[in-house]
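Remember, predicted model here, so these are calculated numbers, not experimental data. Just so it is clear, the values below take in all heavy atoms, side chains as well, and ignore hydrogens, waters and symmetry mates.
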Amino acid sequence: MLVGKVAVVTGASRGIGRAIAVDFAKAGADVALFGRDTAALEATVVACRAARKDVRANRYAVDAVSESATSEAIGAVLADFGRIDIAVANAGQSIDGLILRFKTADLDRLLDVNLKSAFYLSAAVSKPMVKARGGAIVFVSSIVGVAGNAGQSAYSATKAGLLGLTKSLAKELGSRNVRVNAVAPGLIETDMTAAMPEAARAHYLQTIALGRAGTPGDVAGVVTFLASDAARYVTGQTIVVDGGFLM
(Lines give C-alpha, C1' and ligand atoms only; values in the text may rest on other atoms or scores of the structure.)
Protein backbone atom coordinates (compact mmCIF):
# COMPACT_ATOMS: atom_id res chain seq x y z
CA MET A 1 0.00 0.00 0.00
CA LEU A 2 2.91 2.37 0.75
CA VAL A 3 5.73 0.59 -1.06
CA GLY A 4 8.47 3.00 -2.09
CA LYS A 5 7.14 5.85 0.06
CA VAL A 6 9.08 7.77 2.71
CA ALA A 7 7.13 8.93 5.77
CA VAL A 8 7.96 11.35 8.57
CA VAL A 9 6.17 10.79 11.89
CA THR A 10 6.47 13.21 14.81
CA GLY A 11 5.88 12.05 18.36
CA ALA A 12 7.03 8.62 17.18
CA SER A 13 8.54 7.47 20.46
CA ARG A 14 5.42 5.79 21.85
CA GLY A 15 1.66 5.38 21.69
CA ILE A 16 -0.17 6.40 18.53
CA GLY A 17 3.00 7.72 16.88
CA ARG A 18 4.81 4.41 17.30
CA ALA A 19 1.78 2.47 16.05
CA ILE A 20 1.59 4.66 12.95
CA ALA A 21 5.29 4.18 12.21
CA VAL A 22 5.01 0.40 12.58
CA ASP A 23 1.89 0.26 10.41
CA PHE A 24 3.66 2.32 7.74
CA ALA A 25 6.58 -0.10 7.85
CA LYS A 26 4.22 -3.06 7.43
CA ALA A 27 2.64 -1.31 4.45
CA GLY A 28 6.02 -0.95 2.73
CA ALA A 29 7.11 2.59 3.63
CA ASP A 30 10.47 3.69 4.98
CA VAL A 31 10.13 5.87 8.06
CA ALA A 32 11.82 8.90 9.61
CA LEU A 33 11.00 9.03 13.31
CA PHE A 34 10.96 12.39 15.14
CA GLY A 35 10.93 12.83 18.91
CA ARG A 36 12.88 13.99 21.95
CA ASP A 37 13.33 10.65 23.74
CA THR A 38 16.08 8.95 21.76
CA ALA A 39 15.88 5.70 23.72
CA ALA A 40 12.15 5.42 23.07
CA LEU A 41 12.69 6.31 19.42
CA GLU A 42 15.19 3.49 19.16
CA ALA A 43 12.52 1.14 20.52
CA THR A 44 10.25 2.32 17.71
CA VAL A 45 13.04 1.63 15.20
CA VAL A 46 13.27 -1.91 16.57
CA ALA A 47 9.49 -2.34 16.31
CA CYS A 48 9.51 -1.14 12.70
CA ARG A 49 12.27 -3.57 11.81
CA ALA A 50 10.36 -6.38 13.47
CA ALA A 51 7.38 -5.47 11.30
CA ARG A 52 9.47 -5.52 8.09
CA LYS A 53 13.05 -6.70 7.94
CA ASP A 54 14.15 -4.51 5.03
CA VAL A 55 12.61 -1.27 6.31
CA ARG A 56 14.77 1.84 6.48
CA ALA A 57 13.91 3.37 9.84
CA ASN A 58 15.96 6.34 11.02
CA ARG A 59 15.47 8.29 14.23
CA TYR A 60 16.01 12.03 14.58
CA ALA A 61 16.20 13.83 17.92
CA VAL A 62 13.84 16.73 17.27
CA ASP A 63 11.86 19.02 19.54
CA ALA A 64 8.74 19.53 17.43
CA VAL A 65 8.01 22.93 18.98
CA SER A 66 11.18 24.35 17.42
CA GLU A 67 10.66 25.67 13.89
CA SER A 68 14.39 25.67 13.14
CA ALA A 69 14.94 22.16 14.53
CA THR A 70 12.03 20.83 12.48
CA SER A 71 13.29 22.48 9.31
CA GLU A 72 16.80 21.12 9.87
CA ALA A 73 15.50 17.62 10.54
CA ILE A 74 13.43 17.64 7.36
CA GLY A 75 16.57 18.67 5.48
CA ALA A 76 18.36 15.71 7.05
CA VAL A 77 15.58 13.33 6.01
CA LEU A 78 15.78 14.58 2.42
CA ALA A 79 19.54 14.07 2.46
CA ASP A 80 19.19 10.55 3.92
CA PHE A 81 16.18 9.28 1.95
CA GLY A 82 16.02 11.56 -1.08
CA ARG A 83 12.31 12.28 -0.79
CA ILE A 84 9.36 12.77 1.57
CA ASP A 85 5.97 11.45 0.50
CA ILE A 86 4.08 11.43 3.79
CA ALA A 87 4.17 13.56 6.94
CA VAL A 88 2.20 12.82 10.10
CA ALA A 89 1.97 15.53 12.75
CA ASN A 90 1.31 13.43 15.83
CA ALA A 91 3.25 15.26 18.56
CA GLY A 92 0.77 16.24 21.26
CA GLN A 93 0.22 16.98 24.91
CA SER A 94 -2.84 17.25 27.14
CA ILE A 95 -3.18 19.66 30.07
CA ASP A 96 -6.68 19.84 31.54
CA GLY A 97 -8.18 22.57 33.68
CA LEU A 98 -11.07 24.98 34.03
CA ILE A 99 -10.55 28.25 32.17
CA LEU A 100 -10.94 30.30 35.37
CA ARG A 101 -7.80 28.67 36.77
CA PHE A 102 -5.85 27.84 33.63
CA LYS A 103 -2.27 29.07 33.56
CA THR A 104 -0.99 31.11 30.66
CA ALA A 105 2.20 29.05 30.55
CA ASP A 106 0.16 25.87 30.11
CA LEU A 107 -1.86 27.44 27.30
CA ASP A 108 1.33 28.49 25.56
CA ARG A 109 2.72 24.98 25.94
CA LEU A 110 -0.36 23.39 24.37
CA LEU A 111 -0.32 25.85 21.49
CA ASP A 112 3.35 25.08 20.88
CA VAL A 113 3.10 21.29 21.05
CA ASN A 114 -0.32 20.63 19.56
CA LEU A 115 -0.72 23.35 16.94
CA LYS A 116 2.47 25.22 16.12
CA SER A 117 4.49 22.03 15.74
CA ALA A 118 2.05 20.80 13.08
CA PHE A 119 2.28 24.14 11.29
CA TYR A 120 6.09 23.99 11.32
CA LEU A 121 6.14 20.42 10.01
CA SER A 122 3.68 21.29 7.23
CA ALA A 123 5.73 24.29 6.18
CA ALA A 124 8.91 22.22 6.07
CA VAL A 125 7.51 19.32 4.02
CA SER A 126 5.32 21.38 1.68
CA LYS A 127 8.23 22.57 -0.45
CA PRO A 128 9.57 19.11 -1.41
CA MET A 129 6.02 17.76 -1.82
CA VAL A 130 4.98 20.63 -4.09
CA LYS A 131 8.18 20.18 -6.09
CA ALA A 132 7.42 16.47 -6.46
CA ARG A 133 3.77 17.29 -7.25
CA GLY A 134 2.47 14.83 -4.71
CA GLY A 135 2.28 14.02 -1.03
CA ALA A 136 0.07 13.38 1.96
CA ILE A 137 -0.06 15.22 5.27
CA VAL A 138 -2.07 13.85 8.20
CA PHE A 139 -2.76 15.67 11.46
CA VAL A 140 -3.65 13.79 14.65
CA SER A 141 -6.38 15.85 16.29
CA SER A 142 -8.98 14.65 18.83
CA ILE A 143 -12.72 14.30 19.24
CA VAL A 144 -12.58 17.18 21.72
CA GLY A 145 -11.36 19.30 18.82
CA VAL A 146 -14.60 18.39 17.05
CA ALA A 147 -17.09 18.53 19.93
CA GLY A 148 -15.34 20.29 22.82
CA ASN A 149 -15.30 19.14 26.43
CA ALA A 150 -15.72 20.87 29.77
CA GLY A 151 -12.39 21.25 31.55
CA GLN A 152 -10.44 20.91 28.31
CA SER A 153 -10.99 24.29 26.68
CA ALA A 154 -7.30 24.93 25.97
CA TYR A 155 -6.59 21.41 24.71
CA SER A 156 -9.78 21.47 22.64
CA ALA A 157 -8.88 24.82 21.09
CA THR A 158 -5.48 23.57 19.94
CA LYS A 159 -6.92 20.37 18.50
CA ALA A 160 -9.70 22.30 16.76
CA GLY A 161 -7.03 24.54 15.27
CA LEU A 162 -5.64 21.48 13.49
CA LEU A 163 -8.96 20.99 11.74
CA GLY A 164 -8.87 24.53 10.36
CA LEU A 165 -5.28 23.97 9.30
CA THR A 166 -6.33 20.76 7.55
CA LYS A 167 -8.97 22.48 5.43
CA SER A 168 -6.88 25.53 4.62
CA LEU A 169 -3.81 23.54 3.56
CA ALA A 170 -5.95 21.12 1.56
CA LYS A 171 -7.16 24.10 -0.49
CA GLU A 172 -3.71 25.68 -0.62
CA LEU A 173 -1.81 22.58 -1.75
CA GLY A 174 -4.43 20.62 -3.66
CA SER A 175 -3.49 21.98 -7.07
CA ARG A 176 -0.07 20.36 -6.59
CA ASN A 177 -1.63 17.00 -5.66
CA VAL A 178 -0.70 17.32 -1.99
CA ARG A 179 -3.52 15.98 0.16
CA VAL A 180 -4.12 17.08 3.76
CA ASN A 181 -6.40 15.24 6.17
CA ALA A 182 -6.88 14.72 9.90
CA VAL A 183 -7.90 11.96 12.27
CA ALA A 184 -9.78 12.68 15.48
CA PRO A 185 -9.26 9.82 17.95
CA GLY A 186 -11.52 9.25 20.92
CA LEU A 187 -10.52 7.35 24.05
CA ILE A 188 -7.33 5.53 23.06
CA GLU A 189 -5.26 3.52 25.54
CA THR A 190 -1.96 5.43 25.68
CA ASP A 191 0.31 6.94 28.33
CA MET A 192 -1.62 10.20 27.89
CA THR A 193 -4.97 8.64 28.83
CA ALA A 194 -3.63 6.33 31.56
CA ALA A 195 -4.07 9.01 34.22
CA MET A 196 -7.71 9.73 33.29
CA PRO A 197 -10.01 9.76 36.34
CA GLU A 198 -12.05 6.58 36.63
CA ALA A 199 -15.35 8.49 36.55
CA ALA A 200 -14.43 10.07 33.23
CA ARG A 201 -13.27 6.73 31.83
CA ALA A 202 -16.53 5.08 32.89
CA HIS A 203 -18.54 7.83 31.18
CA TYR A 204 -16.66 7.31 27.94
CA LEU A 205 -17.01 3.53 28.04
CA GLN A 206 -20.75 3.74 28.71
CA THR A 207 -21.20 6.06 25.73
CA ILE A 208 -18.92 4.38 23.16
CA ALA A 209 -21.07 2.27 20.83
CA LEU A 210 -18.42 -0.44 20.51
CA GLY A 211 -18.12 -0.64 24.30
CA ARG A 212 -14.35 -0.40 24.57
CA ALA A 213 -11.46 2.01 24.45
CA GLY A 214 -9.46 2.10 21.24
CA THR A 215 -5.87 1.04 20.72
CA PRO A 216 -3.12 2.97 18.95
CA GLY A 217 -3.39 0.42 16.15
CA ASP A 218 -7.02 1.39 15.59
CA VAL A 219 -5.87 4.91 14.75
CA ALA A 220 -2.80 3.81 12.79
CA GLY A 221 -4.83 1.87 10.24
CA VAL A 222 -6.88 4.94 9.37
CA VAL A 223 -3.76 7.11 9.08
CA THR A 224 -2.20 4.55 6.74
CA PHE A 225 -5.31 4.66 4.56
CA LEU A 226 -5.23 8.47 4.40
CA ALA A 227 -1.53 8.40 3.52
CA SER A 228 -2.02 5.84 0.77
CA ASP A 229 -3.13 6.05 -2.84
CA ALA A 230 -6.38 4.38 -1.77
CA ALA A 231 -7.31 7.85 -0.45
CA ARG A 232 -6.07 9.67 -3.55
CA TYR A 233 -9.37 11.57 -3.89
CA VAL A 234 -9.73 12.37 -0.18
CA THR A 235 -8.51 15.73 1.13
CA GLY A 236 -9.59 18.33 3.65
CA GLN A 237 -11.39 15.70 5.72
CA THR A 238 -11.44 14.74 9.39
CA ILE A 239 -11.98 11.05 10.11
CA VAL A 240 -13.32 10.42 13.60
CA VAL A 241 -11.88 7.24 15.18
CA ASP A 242 -13.81 6.91 18.43
CA GLY A 243 -15.73 3.62 18.40
CA GLY A 244 -19.01 5.47 17.99
CA PHE A 245 -18.74 7.99 20.83
CA LEU A 246 -19.73 11.00 18.71
CA MET A 247 -22.84 10.27 16.66
Side-chain angles (χ1 to χ4, degrees), residues 7-11 15-17 19-20 34 64-65 67 70 86-96 99 102 106-126 129 135-188 190 192-193 204 207-208 214 216 218-228 231-247:
V8 173
V9 182
T10 68
I16 292 173
I20 291 169
F34 286 16
V65 306
E67 182 177 13
T70 298
I86 301 160
V88 180
N90 169 71
Q93 184 175 354
S94 176
I95 303 174
D96 298 343
I99 194 169
F102 209 79
D106 288 339
L107 174 60
D108 289 341
R109 179 62 182 169
L110 289 181
L111 286 167
D112 286 342
V113 176
N114 296 348
L115 185 55
K116 289 184 180 180
S117 68
F119 191 96
Y120 298 151
L121 179 68
S122 302
V125 300
S126 290
M129 287 183 177
I137 299 171
V138 182
F139 299 124
V140 178
S141 180
S142 168
I143 57 169
V144 301
V146 177
N149 191 37
Q152 290 188 303
S153 56
Y155 179 71
S156 175
T158 60
K159 290 298 189 176
L162 290 174
L163 307 186
L165 184 59
T166 297
K167 294 176 182 179
S168 295
L169 287 184
K171 293 179 178 181
E172 190 171 321
L173 302 174
S175 65
R176 297 298 185 270
N177 196 36
V178 177
R179 299 180 298 101
V180 187
N181 292 288
V183 292
L187 177 61
I188 307 297
T190 65
M192 187 181 294
T193 60
Y204 270 97
T207 311
I208 294 170
D218 292 327
V219 180
V222 178
V223 175
T224 297
F225 163 71
L226 290 174
S228 76
R232 60 188 174 275
Y233 203 55
V234 179
T235 195
Q237 303 304 306
T238 298
I239 308 300
V240 174
V241 187
D242 69 349
F245 180 79
L246 296 180
M247 287 195 289

So, taking the atom named CG in Leu173 and the one named CG in Leu169, what distance separates them when rounded to the nearest 0.5 Å?
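Leu173 atom CG to Leu169 atom CG measures 5.5 Å (nearest 0.5 Å).
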Determine yes or no for a side-chain-to-main-chain donor-acceptor pair under 3.5 angstrom, with [X] supplying the side chain and [Y] the backbone.
{"X": "Thr158", "Y": "Tyr155", "answer": "yes"}
{"X": "Ser156", "Y": "Ser153", "answer": "no"}
{"X": "Thr235", "Y": "Val180", "answer": "yes"}

Which heavy-atom pair separates [X] from [Y] by the least distance, and what is that distance?
{"X": "Asn90", "Y": "Thr10", "result": "N-OG1, 2.9 Å"}
{"X": "Asp218", "Y": "Gly214", "result": "OD2-CA, 3.4 Å"}
{"X": "Leu110", "Y": "Ala154", "result": "CD1-CB, 3.8 Å"}
{"X": "Thr238", "Y": "Ala184", "result": "CG2-CB, 3.9 Å"}
{"X": "Asp242", "Y": "Leu246", "result": "OD2-N, 2.7 Å"}
{"X": "Ile208", "Y": "Gly243", "result": "CG2-O, 3.3 Å"}

Determine whether more than 12 heavy atoms belonging to other residues, nucleotides or ligands lie under 6.0 Å from atom CZ of Phe119.
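No, CZ of Phe119 has 12 or fewer neighbouring heavy atoms, counting only those of other groups under 6.0 Å.
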Which salt bridge (charged side-chain N to carboxylate O under 4.0 Å, His left out) pairs, counting each pair once, include a residue from residues 109-118, with sequence neighbours left out?
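Salt bridge (charged side-chain N to carboxylate O under 4.0 Å, His left out) check on residues 109-118 returns Asp112-Lys116.
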Side chains of [X] and [Y]: closer than 4.5 Å at any heavy-atom pair?
{"X": "Ser126", "Y": "Val178", "value": "no"}
{"X": "Leu162", "Y": "Leu115", "value": "yes"}
{"X": "Pro216", "Y": "Thr190", "value": "yes"}

Tell me, please, which residues at least two apart from Ser94 pass side-chain hydrogen bond (donor to acceptor under 3.5 Å, both in side chains).
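Applying side-chain hydrogen bond (donor to acceptor under 3.5 Å, both in side chains) to Ser94 gives Asp96.
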For Tyr120, give me all partners under ring pair (Phe, Tyr, Trp, His ring centres under 6.0 Å), at least two apart in sequence or on another chain.
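So Tyr120 forms no ring pair (Phe, Tyr, Trp, His ring centres under 6.0 Å) with any residue.
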Partners passing ring pair (Phe, Tyr, Trp, His ring centres under 6.0 Å) against Tyr204 (at least two apart in sequence or in another chain):
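Ring pair (Phe, Tyr, Trp, His ring centres under 6.0 Å) check on Tyr204 returns Phe245.
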Which atom pairs, donor and acceptor, lie under 3.5 Å between side-chain atoms of residues 136-150 and protein residues at least two apart or in another chain?
unit_1 : atom_1 : unit_2 : atom_2 : d
Ser141 : OG     : Lys159 : O      : 2.8
Ser142 : OG     : Val144 : N      : 3.2
Asn149 : ND2    : Gln152 : OE1    : 2.9

Pairs involving residues 171-181, ordered by first then second residue, that meet side chain to side chain donor-acceptor pair (under 3.5 Å) (sequence neighbours left out)
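As it turns out, there is no side chain to side chain donor-acceptor pair (under 3.5 Å) pair with a partner in residues 171-181 once direct neighbours are skipped.
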Positive for side chain to side chain contact (heavy atoms under 4.5 Å, CB included) with Gln93, one of Asn114, Val65, Asp106:
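Exactly one candidate clears the test, Asn114.
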